[in-house]
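These values consider heavy atoms only, across backbone and side chains, with no hydrogens, waters or symmetry-generated copies.
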Amino acid sequence: MFADGVFKHGFDVINDYDYREYLIKHGANQTFTVDSAPVRSFYDLVFAYEKGNVDKPNLEAGTIIRSMLRIALCYQGGVMWKMQAGMGDVMFTPYYQVLKRRGVNFHYFNQVDNLVCNKGTIEAIEITEQVKLKQGLENYNPLVDVKGLDCWPSQPLYEQLDTEQAQLLKDNNINLEHFWSDWQSVYQDRFGEPLPTKRLVKGEGFYRVIFGLSIGSVPHVAAEVMAQSEPLTKAVDKVKTVATQAYQVWLNEDLHGMGWQYTPESGEQPVLSGFTEPFDTWASMDQLIDKEDWQGIQPQNASYFCSALPVEHYPPRSDTEFPKRKAQQAKEGAIGQLNNQIHKLWSNVGDQFPWQWLYLGDEASEALQGRARFDSQYWRVNIDPSEQYVMSVKGSSKFRIDTDGTGIDNLYVTGDWINTGINASCVEAATMAGMHTSKAICGYPKVVKGEQDF
């Protein structure tokens with residue numbers, strides 16, 4: 001860092017190197033440093049693999065060293081803190097509730113199709129109304145109560161939707177959030193007309209636009225903006241995203257019974273990366289079990305796994321089977337890991353994974369045997385443009401833009417993909433981005449902690 005002027009010029013001066021390239025440049029040993037578990041774990045934790053290919057690691061040297069030093073030198077109390085319920089419920093529910101109390105109106109099931117941009121300003125926002133609310137209901141309440149905690153459900157609350165449309169959604173297993181959804185055609189076939197649309201016009205429906213979608217969505221809804229904004233076009237080209245995958249299992253065995261050496265009194269349950277593919281990161285999340293609404297006997301362990309998801313090419317929107325294929329890939333990868341690799345973590349597994357370990361939660365499903373018991377667990381892929389993970393590939397930070405940096409006079413972009421000073425994807429960076437947007441609009445907060453190097 002002294003040799004490259006980092007202390008004088010900041011971490012960004014070495015961002016044209018991948019972190020491993022940077023280590024090699026300064027003579028690091030390939031086996032014991034460059035390919036070591038600690039180095040690899042940082043790549044795993046930020047999904048730093050081009051197109052999800054673990055043979056193509058790519059991570060800005062300056063950005064990750066900044067993050068490493070912040071973690072090592074600036075933590076308070078613990079290096080890592082575990083959330084005490086789902087991330088949506090402990091992070092985003094409070095944000096939502098505060099905004100709602102402050103008078104912000106939320107309109108659900110409104111899909112943004114296009115930002116109409118002309119002469120350096122957003123003139124209109126074109127929207128598709130995906131589904132109607134039940135007659136007489138003016139506002140949709142998105143939250144459900146789980147043991148006293150307001151939570152986000154994994155699917156719409158159909159009882160608040162138009163009865164006929166809700167049934168059509170369920171009958172066709174429609175996920176309204178999928179980029180590859182065929183809801184438009186299903187709706188058209190049933191009702192003989194396209195989904196309704198609306199157009200918000202500047203000066204009537206809005207004055208300023210805060211664009212909070214991920215950078216992966218920009219080409220699909222803001223192509224007109226890109227045509228008039230060279231900085232945004234460069235950001236879309238240089239700041240890459242990657243699909244991710246995850247699975248969760250609930251077990252009848254606790255960590256000790258699984259064979260993990262663990263002292264319960266320490267409270268230090270494992271969070272680790274650098275494990276085998278296709279799921280290289282594992283966290284034991286037992287602290288969540290008592291937040292979940294299990295009836296009768298509760299599971300003894302909840303384990304979460306995640307990793308980057310290999311996707312070489314994304315098909316056109318007409319390929320509505322694409323999400324199912326990738327979800328099946330994740331499921332098979334999870335089952336394969338449990339069968340063939342998990343014994344390296346859980347020494348009591350033995351030669352074959354004991355499927356009876358999987359907690360099913362109700363007597364009716366206890367009849368399931370073998371790998372069929374996995375169907376009662378949870379797995380997902382994050383492949384939609386709006387939900388892919390934003391990477392910090394080498395040479396990309398200099399193309400990240402400020403919240404008001406598009407050159408469009410009434411547009412503010414926000415999210416962990418803009419220039420925050422951290423320039424790596426995490427809820428902290430997303431929060432900082434929101435602060436930057438607020439500061440650009442109203443001057444507050446005066447200081448955004450962490451936006452400058454040490």
Side-chain angles (χ1 to χ4, degrees), residues 1 4 6 11-72 80 214-216 235-246 271-283 304-314 326 329-330 333-334 336-337 341 344-345 381-383 387-400 416-417 422-426 429:
M1 292 169 69
D4 293 313
V6 173
F11 292 93
D12 291 344
V13 298
I14 56 173
N15 269 342
D16 285 336
Y17 293 97
D18 165 69
Y19 179 52
R20 282 171 161 151
E21 289 178 345
Y22 188 69
L23 293 175
I24 292 169
K25 173 178 182 279
H26 288 285
N29 181 279
Q30 184 76 40
T31 301
F32 298 112
T33 301
V34 179
D35 295 333
S36 68
V39 169
R40 182 186 156 192
S41 70
F42 275 94
Y43 283 78
D44 289 351
L45 285 168
V46 294
F47 309 103
Y49 302 105
E50 292 181 59
K51 297 184 177 180
N53 186 341
V54 294
D55 294 325
K56 295 182 178 180
N58 192 331
L59 180 58
E60 279 184 327
T63 294
I64 196 61
I65 292 174
R66 176 195 291 120
S67 298
M68 288 174 171
L69 290 176
R70 285 194 181 282
I71 291 170
M80 186 178 291
S214 178
I215 193 169
V236 169
D237 182 51
K238 300 297 184 180
V239 181
K240 305 296 184 183
T241 64
V242 63
T244 61
Q245 59 183 338
V271 177
L272 64 85
S273 277
F275 190 49
T276 61
E277 303 301 338
F279 294 90
D280 48 42
T281 300
W282 168 51
Y304 286 24
F305 296 82
C306 67
S307 68
L309 173 69
V311 182
E312 191 64 31
H313 301 289
Y314 290 91
K326 301 311 288 186
Q329 176 184 332
Q337 184 171 69
Q341 300 159 344
K344 298 172 184 178
L345 282 184
V381 291
N382 300 303
I383 56 176
E387 62 188 20
Q388 292 178 30
Y389 190 87
V390 180
M391 304 174 71
S392 301
V393 300
K394 65 178 183 179
S396 63
S397 278
K398 60 190 174 188
F399 294 102
R400 288 174 176 249
D416 62 5
W417 57 275
I422 290 182
N423 294 344
S425 282
C426 53

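Ile422 contributes atom CD1, which lies 10.5 Å from atom OG1 of Thr63 (distance to the nearest 0.5 angstrom). For the atom pair NZ (Lys240) and CD (Glu50), the distance works out to 8.0 Å, reported to the nearest 0.5 Å. In this structure, the separation between OG on Ser307 and CZ on Phe47 is 7.0 Å, given to the nearest 0.5 Å. Taking CZ of Phe11 as the start and CG of Leu69 as the end, the distance is 5.0 Å to the nearest 0.5 Å. Expressed to the nearest 0.5 Å, how far CZ of Phe305 lies from OG1 of Thr276 amounts to 9.0 Å. With values rounded to the nearest 0.5 angstrom, Arg40 atom CZ is found 10.5 Å from Leu45 atom CG.
In this structure, a donor-acceptor pair under 3.5 Å is present between the side chains of Thr244 and Asn382. There is a side-chain donor-acceptor pair under 3.5 Å between Asp416 and Ser425.
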| request: Mind running side-chain contact (heavy atoms from CB on, under 4.5 Å) on Arg66 and Asp12 for me, showing each step along the way? | output: CA-CA 9 Å; Arg66 176 195 291 120; Asp12 291 344; 3.1 Å; yes
| field | Candidate pair Val381 and Val311, rule side-chain contact (heavy atoms from CB on, under 4.5 Å), full reasoning | value | CA-CA 11 Å; Val381 291; Val311 182; over 6 Å; no
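Taking both residues in full, the closest heavy atoms of Gln388 and Ile383 are given as NE2-O, 2.8 Å, listed atom of the first, atom of the second, then distance. The two residues Gln245 and Ala308 make their nearest non-hydrogen contact at NE2-O, 3.2 Å. Heavy-atom minimum distance, Phe275 versus Phe279: CD2-O, 3.7 Å. Looking at every heavy atom in both residues, Arg400 comes nearest to Val239 through CG-CG2, 3.9 Å.
Under the 4.5 Å side-chain criterion, counting only non-hydrogen atoms from C-beta, Asp280 is in contact with Glu277. Residues Asn53 and Pro310 fail the side-chain proximity criterion, which asks for heavy atoms closer than 4.5 Å. Counting heavy atoms from C-beta outward, Asn15 and Lys398 have side chains that stay 4.5 Å or more apart. Residues Asp18 and Leu59 have side chains in contact (heavy-atom distance under 4.5 Å, counting atoms from C-beta outward). Looking at heavy atoms from C-beta onward, Asp35 lies in side-chain contact with Gln30 at the 4.5 angstrom threshold.
Other residues, nucleotides and ligands contribute over 12 non-hydrogen atoms within 6.0 Å of the CZ atom of Phe42.
Distance alone, capped at 3.5 Å, is enough to place a donor-acceptor pair between the Asn58 side chain and the Lys394 backbone. When atom types are taken as modelled, the side chain of Ser41 and the backbone of Gly274 share no donor-acceptor pair closer than 3.5 angstrom.
Glu60 and Lys238 are not joined by a salt bridge, as no carboxylate oxygen comes within less than 4.0 angstrom of a charged side-chain nitrogen.
Tyr43 and Tyr49 have tilted rings, their planes meeting at an angle from 30° to 60° on a 0 to 90° scale.
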